[in-house]
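To keep things clear, I will list the structure first and then write my remarks on it.
To find a chain, count down the sequence lines: A is the first, B the second, and so on, and within it residues start at 1.
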Protein chains: 2
Amino acid sequence: MAVDREQVLKEAAALLTRRATTSMDEIARAAGISRATLHRHFAGRDALIKALEEQGIAQFAQAVDRARLAEGDAVGALRRLIGETEPHAAMLAFLSTENQLFEGGEINAGWLELDARISALFRRGHEEGDFRIDLSPAWLTEALYGLIGAGAWAVHEGRVARNDLNHSIAELLLGGIRRSMEK
Amino acid sequence: MAVDREQVLKEAAALLTRRATTSMDEIARAAGISRATLHRHFAGRDALIKALEEQGIAQFAQAVDRARLAEGDAVGALRRLIGETEPHAAMLAFLSTENQLFEGGEINAGWLELDARISALFRRGHEEGDFRIDLSPAWLTEALYGLIGAGAWAVHEGRVARNDLNHSIAELLLGGIRRSMEK
DNA sequence: AGATTGTGAGACATCGACGTCTCATTCGGG
DNA sequence: CCCGAATGAGACGTCGATGTCTCACAATCT
């Protein structure tokens, strides 16, 4: 009887990631509950989205914590970041696209903080001479999100094996396409 | 007086890429015209989307033609591709995401052909020893789209200068982040 | 059994976006 | 300079989604 809130959010994330216009009725039926019950647990569509964002940001924040971005050199930190983030690639893709349609609403503070932490990693890479200075931290941050999103989709479509995702993103970002670049 | 149809479609692509629910009114105002005029040029929302797809694919195809992917080495061809594609970055981002959303219907044949041509370039880079073999053509194609999309949005948001976009995408894709990699 | 709580089904009003329409204004060509 | 075409502003009616509400039923607890 008791509605499983986590399960509802999981179903909602799956549907909304695929189609942002999914109706409350569709979400409710996908979760196996009635629209009325869905509204009893989430004040409205906005509340549901917000709950999704918070859960997603919390997961992403934990991943960033585990990556220990301040330790070691920037290259290793970036590798750890990609490794920890990869399991939540789909959620992150949802967040990065959903979060950038702000237009008036306040951007989630947690998201801004995560954005800043990742930018700081790229800046550190610049300062320590590990990353090329002609690519700005802002661009690299956007590029990272873009590659993760592209990777999530490629895995979803079967064009890239899930086991290869981590390596594909990290190597492309760090070393580029060129063959001559060793390790 | 004459409405710049291309410009309208370009703005529409930039907005619809990030938020599929962008209203006709928002698109109209972003393009600097009234909602009435927008409806005079496009029968409706569906017609606008369809026109976007067709024009986008046509422009992208022309860009790919101009890039002469079969000439010279794969590195130069990829640089040309990015250079020719960059002006239509917003449009391309819209196309690649739009092709993700739909399910069941038929994927535009023109898009599939373009996809194949890009993949072929990366495959050539592998065969000629210019590109690393551990990154598959399918992944590199998706990554290219992802980076172009991320770049288009970054420019739209003012986080990257339009003049830097070409260089940012090409260098990241070809050389990666690492500083030690020369040229 | 009785009471309490959660749920499903559906009615209902509201809201925003869409598509169509009219009318005054403005731009550009002849 | 004048006239036709294009545009902007806005007024509708329509439709789908939303959020609230009521009522009946089922599950759980005492």
- prompt: Think A:T37 has a side-chain N or O under 4.0 angstrom from the OP1 or OP2 of C:dG8?
  reply: yes
- line: Quick note, side chain to side chain donor-acceptor pair (under 3.5 Å) partners involving residues 82-93 of chain B, not counting sequence neighbours, are B:R66-B:E84
query: Whole Å only: how far is the CZ atom of B:F42 from the P atom of D:dT7?
result: 11 Å
- prompt: Listed by chain and number, what are the side-chain contact (heavy atoms from CB on, under 4.5 Å) partners of B:R117, not counting sequence neighbours?
  reply: B:V64, B:D65, B:E113, B:L114
query: What is the distance from CG of A:L38 to P of C:dA9, rounded to the nearest Å?
result: 14 Å
Pick out the pairs of N or O atoms, protein on one side and nucleotides 17-21 of chain D on the other, that lie under 3.5 Å.
| from | atom 1 | to | atom 2 | distance (Å) |
| --- | --- | --- | --- | --- |
| D:dT18 | OP1 | A:M24 | N | 3.2 |
| D:dT18 | OP1 | A:R45 | NH1 | 2.9 |
| D:dT18 | OP2 | A:M24 | N | 3.0 |
| D:dG19 | OP1 | A:R45 | N | 3.2 |
| D:dG19 | OP2 | A:H39 | NE2 | 3.1 |
| D:dG19 | OP2 | A:R45 | N | 3.0 |
| D:dG19 | N7 | A:R35 | NH1 | 3.0 |
| D:dG19 | O6 | A:R35 | NH2 | 3.0 |

task: Give the C-alpha distance, both sets of side-chain angles, the deciding distance and a yes or no for salt bridge (Lys or Arg N to Asp or Glu O under 4.0 Å) between A:R19 and A:E26.
output: CA-CA 11 Å; A:R19 179 159 50 94; A:E26 289 173 295; 3.1 Å; yes
task: First locate atom CG of B:L95, then atom OG1 of B:T17, and finally report the distance between them rounded to the nearest 0.5 Å.
output: 8.5 Å
task: Report the distance from atom CG of B:L16 to atom P of C:dA17, rounded to the nearest whole Å.
output: 14 Å
field: Phosphate OP1/OP2 of C:dT7: any A:H41 side-chain N/O under 4.0 Å
entry: yes
message: Rounding to an integer number of Å, can you tell me how far B:I27 CD1 sits from C:dA17 P?
response: 12 Å
- prompt: Do the side chain of B:H39 and the main chain of B:G44 share a donor and acceptor less than 3.5 angstrom apart?
  reply: no
- prompt: Distance-only, no hydrogens or angles: does the B:R80 side chain make a donor-acceptor pair with backbone N or O of B:R68 under 3.5 Å?
  reply: yes
